J.: 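Below are the structure tokens for one structure; questions will follow.
Just so it is clear, the model here is predicted, and its values are computed rather than measured. Proteins get letters first, then strands, A, B, ... in listed order; numbering begins at 1 in each.
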Amino acid sequence: MRPFCYQSETCVSRLNPRQQEAMEAVSGAVLVLAGAGSGKTSVITRKIAYLIDECGLKGHQILALTFTNKAAREMKERVGQLVQGKAARGLTVSTFHNLGLNIIRRECQALGYRPGFSIFDAQDVLTLLKDLTHKEFEAAEDVCEPIQYQISNWKNDLVSPAQALAGANGPEQVLAARVYEAYEKTLKLYNGVDFDDLILQPVRLFTERPDILDKWQNRVRYLLVDEYQDTNSSQYLLVKQLVGMRANFTVVGDDDQSIYAWRGARPENLAILQADFPSLKVIKLEQNYRSTGRILKVANKLIAHNPHEFEKALWSDKGYGEPVRVISCHNEDAEAERIATEILQAQLQNQGAYKDFAILYRGNHQSRLMEMKLQTYKVPYKINGGQSFFGRTEVKDIMAYLKILLNPADDNAFLRIVNTPRREIGAATLEKLVNYATMRGVSLISASQEVGLKEYMSGNALAKVQEFGEWINGLAEQAERDDPIAAVQQMIRDMEYQDWLLQTSSGPPMAEKRMANVELLVESLKESLEVAVKKNEYADMGDAVARLVLLDILERQEEEDDSDRVQLMTLHSAKGLEYPHVFMMGMEEDLLPHRNSIDEGNVEEERRLCYVGITRARQTLTITLARKRQQFGEMLETTPSRFLDELPEADLEWEGRGDDDPSKNVQQGQATLAGLKGLLDDF
DNA sequence: TCCTTTCGTATTTTT
DNA sequence: TACGAAAGGA
């Protein structure tokens, strides 16, 4: 739970004048430039309440868009506290992708998809691309990642395969464009959409079908967009289409917190907005309710090194606060150890709970050492991000099974699971099946049931393939006819997945854990169907699975975990969060700013990343760096980050600067340890 | 078909 | 160093 209550939720008069202005600007286009910690979520939620209570809008006429499920949930909850009764009914707070999914589901036919279409996640897409490049282009598989990236960019920029091919320069681009074309065809054939399609297809539909657009425009009388700086071109276009001529909307964003440009986000959408809507009202929120004055000064000073479209200076009335500590450690080991002991010490001196501390880093790999040190000092911690639930093979397996139950055309899912667990259906048999299916122009499942297949493969192989297809078809029927959950459970039992896990896991405890994940998956599916029934909605298995792919359901489980633990995460995933005490580690050249960003001339985004990190801190900020770090196997001297030079010297408290004498550091470490021992003894 | 060895390569990742 | 992928051997 993030404390937000610097004022009562229900008391509108306590908004500051700027926030008030933002809330009351209800006609025309409004851009709220909300600095870090300036209460932007508060403005959005209040504004929704204001629209309902004061402007006579109904909940179902309002749409609020976020990027993450978490943000959407949080916003929903807060609005729920502000607006009671049925006026709020039908209010939509959703992610861009969820909105897109809903549009596609509703307008499925007009778009040429069949119900039950699959969502291909990044992993599915990569598998498909590898398959395509291998078969149709005889290209090496390792070109797939850049191609995937390129295709995603094209789709986000609404570039069609033909346009991509026409505009391609160089052989790689030509290849990418060709693969793009084949990819789009195949995806359509599989009745599948990728994440980019969730935005792109609605945009395409709205462009081609003004009648359908009209319908949606009438439904959305007021639109609000959170984290607007993170929108890409197609998302912005979707926003523009939805608001139409009426152009009644509010977008909230902060160009200084744009850290996803590498993922297609277009922070320049902020400036474009001004050009597209000349009457745009721009409101700046500069009062920060989160951090001490000093932290803000440091943050402002840093970000001032970036060029700005909109000038903005954060201030706070929270007092100046403690200096920002910069600790230069002998090496990465000492750095991690130092952070661990610092937290333990503060904890023992009762300076807050573990969960008040966050350790932020640039790359996930930096968490390793940190984890080890926290373990040795028995500091409870939680890692945010890293290997996700959906990265796990068992989850991917079951998801593929679910997808094929719902969407028999999903050959990608078929190929993933046809021989998992082992069914003695090998590469040779599959190739024949694929050839046959291609020739007949049907899905692999259908092909497996056709009589003509027997002329292409041997009796044994044929029997196995037929058996598999029959089994899947039977289950799909069962899922459709009666209880889908029962069908899924039946399926998992039938294929003896538990035994398979036992065989493929490193040991029984591991297998058990993985089976637990599978059960968790089924459980969340069940729950989501039950919720739909309770809300008197049509309990649709396809919808439940789709929401599962969009991570919506499972995140909730993790969120309920409010145990007292130190939070570890990357700077990227820290955006939007805040902690009383923040540690930023690895403040070195080549790490922050990252080597690759320096090479690409993208230091500005790294600076924003650093800015995001600094502005997470409420009370204290500690920056650490290692003078030596193991890079690619060898110990190398590091250079302190250029960003340190950009901070106001007077507000920093250095420790160990220019101190290259290792003995002193060891001593320092021992001193800390001794101190800790004393503290522990007192306990 | 599966297991071992070897080789190559090291960001960030809301959905 | 450390991990994943690809290739090659059993």
Side-chain angles (χ1 to χ4, degrees), chain A residues 65-74 94-101 119-126 130 134 140-142 144-145 148-149 152 155-156 193-200 226-227 229-232 234-235 257-265 332 360-369 384-388 390-391 419-420 422-429 503-504 546-555 569-577 586 590-600 602 605-606 608-610 612-613 629-636:
Chain A
L65 292 174
T66 65
F67 277 85
T68 64
N69 296 309
K70 197 173 163 193
R73 272 197 301 277
E74 209 170 274
S94 97
T95 62
F96 270 96
H97 293 267
N98 246 315
L99 172 74
L101 174 66
I119 299 176
F120 280 53
D121 68 18
Q123 182 70 159
D124 298 325
V125 170
L126 192 63
K130 280 184 177 164
H134 182 72
E141 277 189 357
D142 55 357
C144 284
E145 264 124 300
Q148 178 179 25
Y149 181 76
S152 178
K155 292 183 87 157
N156 287 156
V193 294
D194 60 23
F195 282 155
D196 301 321
D197 280 326
L198 291 175
I199 313 298
L200 179 66
D226 190 20
E227 304 280 13
Q229 76 284 348
D230 289 339
T231 52
N232 61 35
S234 58
Q235 282 160 341
Q257 291 187 70
S258 162
I259 53 174
Y260 285 105
W262 54 273
R263 238 179 151 248
E332 56 197 326
L360 311 180
Y361 37 79
R362 176 68 233 259
N364 277 125
H365 63 278
Q366 287 174 269
S367 71
R368 292 245 171 95
L369 244 186
N384 198 326
Q387 173 70 298
S388 78
F390 273 84
N419 207 28
T420 310
R422 292 275 113 79
R423 291 190 183 89
E424 295 170 294
I425 300 172
T429 320
Q503 276 173 48
T504 53
R547 302 241 322 271
L548 219 47
V549 180
L550 295 182
L551 288 168
D552 188 18
I553 298 165
L554 287 145
E555 281 175 355
M569 70 194 87
T570 63
L571 288 162
H572 281 90
S573 42
K575 193 172 81 159
L577 305 175
D590 293 357
L591 212 60
L592 185 68
H594 195 275
R595 166 95 257 162
N596 297 354
S597 299
I598 299 173
D599 292 346
E600 287 164 28
N602 226 351
E605 182 149 311
E606 297 288 305
R608 289 193 290 266
L609 199 50
C610 185
V612 165
R629 187 178 291 274
Q630 215 168 59
Q631 281 163 355
F632 312 141
E634 52 182 337
M635 266 300 188
L636 291 177

J.: Determine whether any donor atom in the side chain of R263(A) lies under 3.5 Å from an acceptor atom in the base of dT15(B), or the reverse, and answer yes or no.
T.: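 It does, because a donor-acceptor pair links the side chain of R263(A) to the base of dT15(B) below 3.5 Å.
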J.: Would you say the side chain of C610(A) lies within less than 4.5 Å of the side chain of L571(A), judging by non-hydrogen atoms?
T.: no
J.: Touch check for N232(A), heavy atoms < 4.0 angstrom, all strands: base, sugar-phosphate only, or nothing?
T.: nothing
J.: Over how many whole Å does the gap from L577(A) atom CG to dT14(B) atom C1' extend?
T.: 12 Å
J.: Name the closest nucleotide to the T68(A) side chain, picking from dT12(B), dT1(B), dT14(B).
T.: dT14(B)
J.: Quick check: do M569(A) and L360(A) have side-chain heavy atoms less than 4.5 Å from each other?
T.: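 When only atoms from C-beta onward are counted, L360(A) and M569(A) do touch, with a gap below 4.5 Å.
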J.: How many Å lie between CG on N419(A) and P on dC2(B), as a whole number?
T.: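 Distance check: N419(A) CG to dC2(B) P gives 7 Å.
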J.: Under the rule for ring pair (Phe, Tyr, Trp, His ring centres under 6.0 Å), what residues qualify as partners of H594(A), not counting sequence neighbours?
T.: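 Applying ring pair (Phe, Tyr, Trp, His ring centres under 6.0 Å) to H594(A) gives none.
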J.: By the 4.0 Å heavy-atom rule, please label E600(A) as base, sugar-phosphate, or nothing.
T.: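 Since a base atom lies under 4.0 Å of E600(A), the category is base.
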J.: What's the closest nucleotide to the R362(A) side chain, out of dT14(B), dT11(B), dT15(B)?
T.: dT11(B)
J.: Nearest whole angstrom, please: distance from the C1' of dT11(B) to the CZ of R368(A).
T.: 14 Å
J.: Does a side-chain heavy-atom distance below 4.5 Å link K70(A) with L577(A)?
T.: yes
J.: Mind checking whether K575(A) and F67(A) have side chains closer than 4.5 Å, heavy atoms only?
T.: no
J.: Nearest-Å distance, NE2 (H97(A)) to P (dT13(B))?
T.: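 Going from NE2 in H97(A) over to P in dT13(B) covers 16 Å.
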J.: Without decimals, in angstroms, what is the distance between F120(A) CZ and dT15(B) P?
T.: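 Checked: the CZ to P distance equals 20 Å.
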J.: For T66(A), answer base if it contacts any base atom (sugar-phosphate contacts may also be present), sugar-phosphate if it contacts only those atoms, and nothing otherwise; contact means non-hydrogen atoms under 4.0 Å.
T.: nothing
J.: Assign I425(A) to base, sugar-phosphate, or nothing according to its heavy-atom contacts below 4.0 angstrom with the strands shown.
T.: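 Sugar-phosphate, backbone atoms only, no base.
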J.: Answer yes or no: does a side-chain N or O of N364(A) lie under 4.0 Å from OP1 or OP2 of dT11(B)?
T.: no
J.: Does Y260(A) stack onto the base of dT13(B), taking stacking as ring centres under 5.5 Å apart and planes under 30° apart?
T.: no
J.: Would D590(A) and R629(A) pass as an ion pair if we require N to O under 4.0 Å?
T.: no
J.: Take atom P in dA5(C) and the same atom in dT12(B), then report the distance between them in whole Å.
T.: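 Those two atoms are separated by 15 Å.
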J.: Any base atoms under 4.0 Å from D196(A), or only sugar-phosphate, or nothing? Heavy atoms, all strands.
T.: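 Here D196(A) touches no strand at all.
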J.: Report yes if a side-chain nitrogen or oxygen of T570(A) is closer than 4.0 Å to either non-bridging phosphate oxygen (OP1 or OP2) of dT13(B); otherwise report no.
T.: yes
J.: Answer with base, sugar-phosphate or nothing: what part of the nucleic acid does F96(A) contact at a heavy-atom distance below 4.0 Å?
T.: nothing
J.: Which nucleotide in the list dC3(C), dT11(B), dT1(B) gets nearest to the side chain of H365(A)?
T.: dT11(B)
J.: Where the side chain of H572(A) is concerned, which of dT12(B), dT1(B), dT15(B) is the nearest nucleotide?
T.: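 Among dT12(B), dT1(B), dT15(B), the one nearest the side chain of H572(A) is dT12(B).
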J.: Check the distance between dT12(B)'s P and D230(A)'s CG and give it to me in whole angstrom.
T.: 18 Å
J.: Give E606(A) one of three labels, base, sugar-phosphate or nothing, depending on what nucleic acid heavy atoms sit under 4.0 Å from its own.
T.: base
J.: Please state how far atom CE in M635(A) lies from atom P in dA2(C), giving the value in whole angstrom units.
T.: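 Rounding to the nearest Å, CE of M635(A) and P of dA2(C) are 12 Å apart.
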J.: Could you state the CD-P distance from Q235(A) to dT14(B), rounded to the nearest angstrom?
T.: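 Rounded to the whole Å, the gap is 14 Å.
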